[in-house]
2 protein chains.
Amino acid sequence: MIETELIDMQRASQLLKLLGDKTRLTMMKLLQSHECCVCEFVEIFNMSQPAISQHLRKLKDIELVKEQRKGQWIFYSINKGHEDYPLIQSILGHLPEQKDSIAELEAQGLRICCK
Amino acid sequence: MIETELIDMQRASQLLKLLGDKTRLTMMKLLQSHECCVCEFVEIFNMSQPAISQHLRKLKDIELVKEQRKGQWIFYSINKGHEDYPLIQSILGHLPEQKDSIAELEAQGLRICCK
DNA sequence: TTATCATATAATGATATACTTATATATACA
DNA sequence: TGTATATATAAGTATATCATTATATGATAA
């Protein structure tokens with residue numbers, strides 16, 4: 001078998017449980033190709049700001065995502081250095097791109113750009 | 001990108017939620033290499049028979065596993081024909097083999113064999 | 001400063017989840 | 001038959017989860 005990092009069952013199931021929520025799973029897929037800030041997610045998922053914040057908190061707690069403040073916004077990005085990132089990546093690879101939601105954001109002029 | 005079946009986000013998250021339980025995830029990993037019957041799982045997980053039965057029910061409901069009666073026992077096996085099996089397989093590939101639990105069963109003479 | 005915008009946290013409530021115990025069903029065997 | 005064994009289902013309960021509303025924090029801009 002090709003060399004693959006094996007993951008403790010306890011940690012694997014915890015990780016899958018976190019991804020087993022449509023909102024968080026979609027967030028991860030989106031973050032794989034775009035950094036996003038909280039207010040963008042609020043638009044995309046049409047969900048309250050605290051709800052989004054709490055989902056991101058869970059992803060951050062196990063370090064699946066990183067945050068970086070840029071002015072008044074906080075941008076989230078995927079943590080590609082995570083020990084379990086190979087697993088994450090192979091899961092996300094089976095999911096459809098979420099281009100539409102980003103495109104829609106841009107069409108509405110709601111995409112946040114920080115230079 | 002290599003041709004990969006893409007999975008609807010709704011179904012993917014539902015699937016990951018089911019795997020996001022240590023017992024069910026371990027069951028799937030075990031089933032990948034061995035058929036098992038309910039009473040074996042009861043021993044392996046040291047859990048009540050109804051609890052095991054209910055976990056298997058959930059896996060069966062979305063057709064991740066198949067059941068086959070052999071005499072008084074009902075054996076469960078992984079459904080390799082499942083539309084999402086490629087995803088399942090890549091997840092399970094990141095998990096450690098569960099040889100010990102089967103070996104322990106055999107040592108205790110609790111492994112069920114049906115000829 | 002003070003007001004505003006973006007985000008986080010706290011408290012709460014509804015629903016989902018994973019057990020438990022009790023009971024039903026189905027096969028095997030004496 | 002009748003009893004034992006394997007499994008499934010039902011009902012109940014404790015806890016977890018995911019949303020909501022209200023409030024706090026922190027940065028920017030007037």
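Protein chains get the first letters and strands the later ones, always in sequence-line order, with residue 1 at the start of each. Treat the numbers as computed from the prediction; the structure is a model and nothing was measured.
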Contact class for B:Lys17 (heavy atom, under 4.0 Å): base, sugar-phosphate, or nothing?
-> sugar-phosphate
N/O donor-acceptor pair, side chain A:Gln49 with base C:dA6, under 3.5 angstrom | no
Could you tell me whether A:Tyr76 contacts a base, only the sugar-phosphate backbone, or nothing, with contacts defined as non-hydrogen atoms closer than 4.0 Å?
-> sugar-phosphate
Counting only side-chain N and O atoms of A:Arg57, is one of them less than 4.0 Å from OP1 or OP2 of C:dA8?
-> no
Which whole-number value in Å describes the distance from B:Met47 CE to D:dT7 P?
-> 16 Å
Donor-acceptor pair, A:Arg69 side chain versus A:Gly71 backbone, under 3.5 Å?
-> yes
Given D:dT17, is OP1 or OP2 found less than 4.0 Å from the side-chain N or O atoms of A:His55?
-> no
Hey, is B:Asp84 close enough to B:Arg11 for a salt bridge, meaning N to O under 4.0 Å?
-> yes
At under 4.0 Å, does any side-chain N or O of A:Ser48 touch on OP1 or OP2 of D:dT20?
-> yes
Applying side chain to side chain donor-acceptor pair (under 3.5 Å) between B:Tyr76 and each of B:Glu67, B:Lys60, B:Gln68, B:Glu40, report the one that passes.
-> B:Glu67
A:Lys70 and A:Glu35 ion-paired at < 4.0 Å | yes
Rounded to the nearest Å, what distance is computed from the CD atom of residue A:Gln72 to the P atom of nucleotide C:dT7?
-> 8 Å
A:Arg69 side chain N/O closer than 4.0 Å to the phosphate oxygens (OP1, OP2) of C:dA6?
-> no
Could you check whether B:Lys58 gets within reach of a base, just the sugar-phosphate, or nothing at all, counting any heavy atom under 4.0 Å?
-> sugar-phosphate
